[in-house]
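Everything quoted here is computed from the prediction, not taken from an experiment. Excluded from the calculations below are hydrogen atoms, water molecules and symmetry mates; all remaining heavy atoms, backbone and side chain alike, are included. Here is how names work: the chains are called A, B, and so on, in the same order as the sequence lines, proteins then strands, and each is numbered from 1.
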Amino acid sequence: MLKIIVCIKQVPETQDVRLDPVTHTLKREGIKSIINPFDLYAVEEALRVKEAQGGKVTLLTMGPPQAEEALREALGYGPDAAVLLSDRAFAGADTWATALTLGRAIEKLGGADLIFTGKQAIDGDTAQVGPMLAAILNIPFVAWARKLTFTDNNRLQVERMMDHGYDAVEVELPALITVVKEINEPRMPSFKAKLKAKKEPIPVWGLNDLGFQPEQVGLAGSFTQVVKVFPPPARGQSETWEGPAPELAARLWQRLKEMGRS
Amino acid sequence: MSLIFYAEKCTACGQCVDVCPFGILRLEGGALSIAEGCNLCGACVEVCEPEALALPEEESPSPRPEVPPDGVWVFAEQRHGELAPVALELLGEASRLAGTLQAPVAAVLLGDKVDHLAPALLTGGAQKVYLAEHPLLAEFLEESYAAALTELAQKFQPEIILAGATYAGRAFIPRVAAALKTGLTADCTAFAIDPEKRLLLQTRPAFGGNIMATIITPRTYPQMATARPGVFKALKPASSGEAGSITGQRPVPLNNLVAGEIIRVELESLKTSPQSRFIKTVAEIKERVPLGAAEVIVCGGRGLKEAKNIKLLEELADLLGGAVGATRGAVDAGWIPYAHQIGQTGKTVAPKLYIAVGLSGAAQHLVGMQSSDFIVAINKDPHAPIFQVADMGLVGDLFDIVPALIQEIKKDKG
Amino acid sequence: MDYLLTEEQQMLRDLARQITNERIKPIRAELDEEETFPWDIMNDLAQADLCGTVIPEEYGGLGLGCLENVLVLEALAMGCVGVATTYAASFLGAYPLLLYGSEDQKQKYLPPIAKGEALAAFALTEAQAGSDAGAIQATAVKDGDFYVLNGAKQWITNAGEAEIYTVIAVTDRVKGARGASALVLEKSDPGVSFGKKEKKMGIRASTTREMILEEARIPRDRLISKEGMGFIVTMKTLDNARPGAGALAVGLAQEALDEAAAFAKERHQFGVPIIHFQAVQHLLADMATKVEAARALVYAVARYIDTRPKDYTKVAAMSKLFPTDMAMQVTVDAVQVMGGHGYMREYPVEKMMRDAKILQIYEGTNQIMRNIIGLALNKEYSKKK
């Protein structure tokens, strides 16, 4: 019986976020919250491991109270249980404070044999919480996994993506794996699981449940601090040309050659 | 801690509602409401003209420790004895930052039989190279690399550590930061120094590149960041004709007799056997010119319509000595392998010339290429967002323009 | 518009929409172009528990009603009517068992259908028996503990892919329409084979083949209900399926409207988006009104059927007739709004227009629907006098 934990995150659907070209403000009318897309691959892989090896899949997220929606939605894919870490004191956490909070919750859950996370969240794109969590729990970890194979009950061969291609590495459990989307194709949620998820009690753990002091977590416990937020620098004035293709091609090549000389 | 709101100053202009990346600010009946989920990013504070919004004063739980002695470190990523270009780029940037800090620059070289790389690091801007050679470091492994860098940092106490935001860097550097109990900023595209407080100002894109954030690590050392490959400039090594010339912040010595120190370190942490091991490289990605190193990239999107039209991009890229990239749409359609994907979920590139062919320019794609020096867009839809970031836009059918361009180049090159 | 759906109904619809958006839309053009049977999507639907919506819980289904069924069908038809037809045809094959099957038959055949492990198909039409269902030639002759079937069923949706077939065959030639019976056949039964795959104008992701019965020998207990009930089984099956055909039409037309309206906002002519022209606005206004009217009718009939009325043949026919005629008009207009673009395969509306046509033809042509409604009116008004 493997104890499998999947850490997920609720994120704004940034695909729909557009930058107003004139004002450089975010146009985000009707942007809804979704489960970080990469986390669905982590959930799927956890379910596949459970189906093959036996075990229990528990979802874990830290976020505002409405992050419960993300947990219920993810339960619709078939995990067994979910825990929400939510407390005003957790707000503003950087990747360290997030990993620290998740780590304490995993200890409270009695640890895990296998922890999955998506490779990164699409809002922050840091890809840091997974590796930091592994460090905090002091377990080995492999990032960017695209294939998992159990070599025996306690050993996992992982194919991971690198700049140069793909490596195979072997890791002993307990371990943490961050997955890329090549690893599987997530299943569709099931209606019965969704019905069950609607009623599933989801424990909410706060500061006291995890035995933290306020200064250890959230913004206060963060090592990094955002000091400024601004729109990306505007690019130079662009030129747009229309006309017959050969003419456009000739002008473009002329221009590129001029650039090459400069 | 939560956002401070002075209701009496608020003019209900709605600016803050528009910029809040989390959508938690709302104007209800002329009054501002702040829902839960604020992470104090400060976007609203920036735009609030009447200063009705403010961030809480940081209550520093612990005073900032003394400045560590060992200056700016760059993790010099290598594989099989070959340096990753980002290592030299970061040494260039580190030299600039160290100039402001009046601090030394060191490179950390981990691997097995890699000491031949040290001179290049010294010419590239390092005054010292920490060299740790061990069979366990022959291939990249999160656990061993993290243990090694952690041990070195604990021993020599750098003020700043920079590493490339490569697959390897982004995998193990967070583990190092967590072990050192310090902050880390991912995937930075700009650095600066606050000279007064000696703070490293780390700027990175967030929300799919729609906002930029500047981040500091105010209370702990080292200040750590990973940085995008291709964004920073390596120092120009002095050629023989310009002996003694000065590039960057510091003099670059002549030929191979490079000044500087190579410090070999025996690592304690590698004496215990790790819980993970490297088995083999399963597949190497064969790119004619690696995307990360290409000066010219021709990138295609769904507008290509079919897998076979990738050939068109390849022909153009070959003529320009460049590489071929693709959008997520083209990759998802199965026209070209994932290794070519540029954008939020693929690679980030910053070539001298970027030619975007038949791609609309979704925000997630733009994140991955908008720091290119010169962007050309070819698209038949004049309203495609790619034209907003392009330096030059050609409105028309790619199947007319690209072949015409290929003809033009061939004609010119004889 | 808010149709006062329960939370559960909305959840079901959203799940079907998720499959449409994530699984069907990305590949619908390819399925159409290559005439590929959508097994992957059928597996997704199975995974989502949607293969058992109308099958009672005791047989592994969700035990939901007609309204839930039409909500799912509408959502899937927004993706592809070919896929939605494949899915709906399985229920068409299952209805005879659901409505008239013995307990043993239900225990044996419904759970695999509900779990999506097996598809079903309904085999009625023959070369000489289309609208005239009384003219069927296929025979089922009793031979001891067996029936022996001979004949050929034409244009059978899911033929060759389905495991379970409900077949209408003549057991007593003398009795005419009352001599037809319904029987369950399995793909692996001896004497069962399938003809070539038909090349169709639309719904090309769905499979349409001949089912050939040559001395097909099956146990007696495969008979559904009693001998001679074949015609009644058929009529009731179609009564239950018709709001579903209407729902496919609503989903298809909605999607065509969405495509056309979005295009009209993007497409500039004479310096403005074409949606600014009244000529285009009026086309879109009529399309939107018809879609909403059809949806209201389909939902109302489905809700009525869920109250288990005695006779709903007339309203079931209406819920197929109006929406499917509507979908034809709306998809033609969607192509018109998009002009040359609409005619190109690069855009999805030409496929929608091709797909729409079958809805006016299958599960009883719309001429037959008018006959059914006319007949019912004649009866109603005779009673009133």
Side-chain angles (χ1 to χ4, degrees), chain A residues 14 17-19 21 25-26 28 31 64-65 91-92 96 123-124 126-128 131-132 134-136 140-144 159 161-172 182 215 219-220 223-230 232 235-236 238-242 245-246 248-250 252-253 259, chain B residues 1 18-19 23 36-37 39-43 46 61 79 142-143 166-167 170-171 174-175 178-179 182-186 206-208 210-218 220 275-285 363 387-396 400-401 404-405 408-409:
Chain A
T14 50
V17 178
R18 287 280 184 281
L19 196 62
T25 53
L26 290 177
R28 32 151 217 84
I31 298 237
W96 158 263
D123 53 354
T126 68
Q128 287 179 181
M132 286 180 168
I136 286 163
F141 106 102
V142 183
W144 330 114
E159 246 180 69
M161 195 179 271
M162 296 297 288
D163 281 300
H164 63 262
Y166 300 93
D167 288 343
V169 296
E170 194 179 62
V171 65
E172 254 172 63
E182 283 67 23
E215 66 273 14
L219 188 72
F223 292 141
T224 60
Q225 190 189 327
V226 177
V227 286
K228 190 176 160 205
V229 176
F230 57 100
R235 294 195 65 91
S238 72
E239 302 168 40
T240 310
W241 300 341
E242 290 183 64
L248 291 182
L252 175 60
W253 180 232
M259 267 175 48
Chain B
M1 283 193 282
D18 289 338
V19 297
E36 284 203 43
N39 83 346
L40 301 172
C41 76
E46 291 276 319
R79 179 170 182 265
E142 285 87 342
E143 212 182 336
T166 57
Y167 279 95
R170 294 186 73 183
R175 190 157 185 149
T182 187
L184 171 64
T185 305
F207 288 95
N210 286 315
I211 60 173
M212 303 296 290
T214 300
I215 292 163
I216 55 170
T217 302
T220 52
Q275 290 160 290
S276 47
R277 68 186 180 95
F278 180 86
I279 299 175
K280 61 178 177 196
T281 289
V282 183
E284 297 262 354
I285 296 169
F387 287 118
Q388 308 283 353
V389 300
D391 298 282
M392 189 181 298
L394 271 54
V395 180
D400 297 330
I401 297 176
L405 182 58
E408 193 66 31
I409 301 172

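Side chains of A:L252 and B:E408 form no contact here, defined as non-hydrogen atoms less than 4.5 Å apart. A:T224 has its side chain within reach of B:T217: a pair of non-hydrogen atoms, C-beta onward, lies under 4.5 Å apart.
Qualifying ring pair (Phe, Tyr, Trp, His ring centres under 6.0 Å) partners for B:F278, counting only residues two or more places apart in sequence or in other chains: none. With sequence neighbours excluded, the residues forming a ring pair (Phe, Tyr, Trp, His ring centres under 6.0 Å) with A:F223 are A:W96, listed by chain and number.
With respect to chain B, the highest number of heavy-atom pairs below 4.5 Å among A:P131, A:P140, A:A143, A:A168 belongs to A:A168. When each of A:K228, A:E242, A:E172 is scored by its heavy-atom pairs under 4.5 Å with chain B, the top score falls to A:K228. Ranked by heavy-atom pairs shorter than 4.5 Å toward chain A, the options B:T281, B:I401, B:D400 are led by B:T281. Considering only heavy-atom pairs separated by less than 4.5 Å from chain B, the leading option among A:G124, A:A127, A:G92, A:A135 is A:A135. In terms of heavy-atom pairs under 4.5 angstrom with chain A, the leader among B:A178, B:G393, B:G396 is B:G393.
Heavy atoms of B:T166 lying under 4.5 Å from chain A belong to its backbone as well as its side chain. If you measure heavy-atom distances from B:R79 to chain A, the contacts under 4.5 Å come from the side chain alone. Looking at A:E170, the atoms closer than 4.5 Å to chain B (heavy atoms on both sides) sit in the backbone and in the side chain alike. With a 4.5 Å cut-off on non-hydrogen atoms, B:Q275 touches chain A through its backbone and its side chain both. For a residue to count as touching a neighbouring chain, one of its non-hydrogen atoms must lie under 4.5 Å from one of that chain's; by this rule A:W144 touches chain B with the side chain only.
Residues B:V282 and A:E159 share a closest heavy-atom pair of CG2-CG, 3.6 Å. Considering all non-hydrogen atoms of both residues, B:A404 and A:A245 come closest at CB-O, 3.9 Å. When all heavy atoms of B:A213 and A:V226 are compared, the pair lying nearest together is CB-CG1, 4.4 Å. For the pair A:M162 and B:Y167, the tightest heavy-atom approach, listed with the atom from each and the gap, is C-CD1, 3.6 Å.
When atom types are taken as modelled, the side chain of A:Q128 and the backbone of B:A186 share a donor-acceptor pair closer than 3.5 angstrom.
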